[in-house]
Amino acid sequence: MTKELKIKFILKELMKLKGETLNSLSKASGVPKSTISDWLSNRTPNPIQAAKVASTLGISLHHLLFGEEDPQETLQRIMKEDFFNGTFEI
């Protein structure tokens with residue numbers, strides 16, 4: 001099942017919540033203002049540029065694209081944080 005990209009909505013909402021403008025987000029992420037504007041018009045993003053914006057906003061790339069956390073990332077975090085710290089129980 002292919003998930004629908006939701007970057008247009010997620011990005012708009014996060015920019016509003018974090019007080020970011022196209023200009024400020026562009027400067028902070030290094031991604032051109034015109035590119036970010038294209039995403040807000042529902043254009044499919046370049047994954048490398050989208051990852052830079054996601055990092056700047058403090059979220060995962062998956063969350064930026066689909067509006068939810070990636071289940072694989074959660075599993076990897078549990079493995080890294082709990083398993084390797086000795087707090088993981090079966």
Side-chain angles (χ1 to χ4, degrees):
M1 179 172 116
T2 304
K3 294 184 179 197
E4 179 183 339
L5 288 179
K6 297 180 180 174
I7 188 169
K8 172 183 178 177
F9 307 108
I10 302 302
L11 184 55
K12 186 182 281 189
E13 185 64 26
L14 283 170
M15 288 174 66
K16 185 177 176 181
L17 283 172
K18 296 185 181 259
E20 294 282 355
T21 63
L22 279 174
N23 201 34
S24 66
L25 187 55
S26 173
K27 284 183 180 181
S29 66
V31 175
K33 206 168 39 171
S34 60
T35 299
I36 297 170
S37 179
D38 286 345
W39 300 346
L40 291 169
S41 299
N42 223 24
R43 180 172 242 158
T44 302
N46 169 305
I48 293 170
Q49 290 176 317
K52 289 178 182 179
V53 169
S55 178
T56 300
L57 293 171
I59 61 170
S60 70
L61 175 59
H62 189 88
H63 186 184
L64 179 63
L65 297 176
F66 302 108
E68 64 187 24
E69 287 304 317
D70 184 356
Q72 287 293 82
E73 288 178 7
T74 302
L75 179 60
Q76 290 170 354
R77 183 180 44 76
I78 289 170
M79 292 296 288
K80 190 185 306 179
E81 292 175 5
D82 295 338
F83 186 77
F84 292 114
N85 290 331
T87 58
F88 182 78
E89 293 183 21
I90 298 176

Tell me which one of Leu25, Ile59, Ile7 satisfies side-chain contact (heavy atoms from CB on, under 4.5 Å) with Val53. Leu25
For Ile48, all residues meeting side chain to side chain contact (heavy atoms under 4.5 Å, CB included), sequence neighbours excluded: Asn46, Lys52
OG of Ser29 to CD1 of Ile36, rounded to nearest 0.5 Å, is 4.5 Å
How far does CE of Met15 sit from CG of Leu11, to the nearest 0.5 angstrom? 5.5 Å
Table please: side-chain donor-acceptor pairs of residues 37-44 below 3.5 Å, with sequence neighbours left out.
residue : atom : partner : partner atom : Å
Asp38   : OD2  : Arg43   : NH1          : 3.3
Ser41   : OG   : Ser37   : O            : 3.4

What's the verdict on side chain to side chain contact (heavy atoms under 4.5 Å, CB included) for Leu14 and Glu20, showing C-alpha distance, side-chain angles and the deciding distance? CA-CA 8 Å; Leu14 283 170; Glu20 294 282 355; over 6 Å; no
Side chain to side chain contact (heavy atoms under 4.5 Å, CB included) against Pro32, all qualifying residues, sequence neighbours excluded: Ser34, Thr35, Gln49
For side chain to side chain contact (heavy atoms under 4.5 Å, CB included), just list the numbers for Glu68 and His63, CA-CA rounded to whole Å, side-chain angles, deciding distance to a tenth of an Å, and then say yes or no. CA-CA 5 Å; Glu68 64 187 24; His63 186 184; 5.7 Å; no
Minimal heavy-atom distance between Gly67 and Ile10, with the atoms involved, is CA-CD1, 3.4 Å
Least distance between heavy atoms, Ala51 atom then Leu61 atom: N-CD1, 3.7 Å
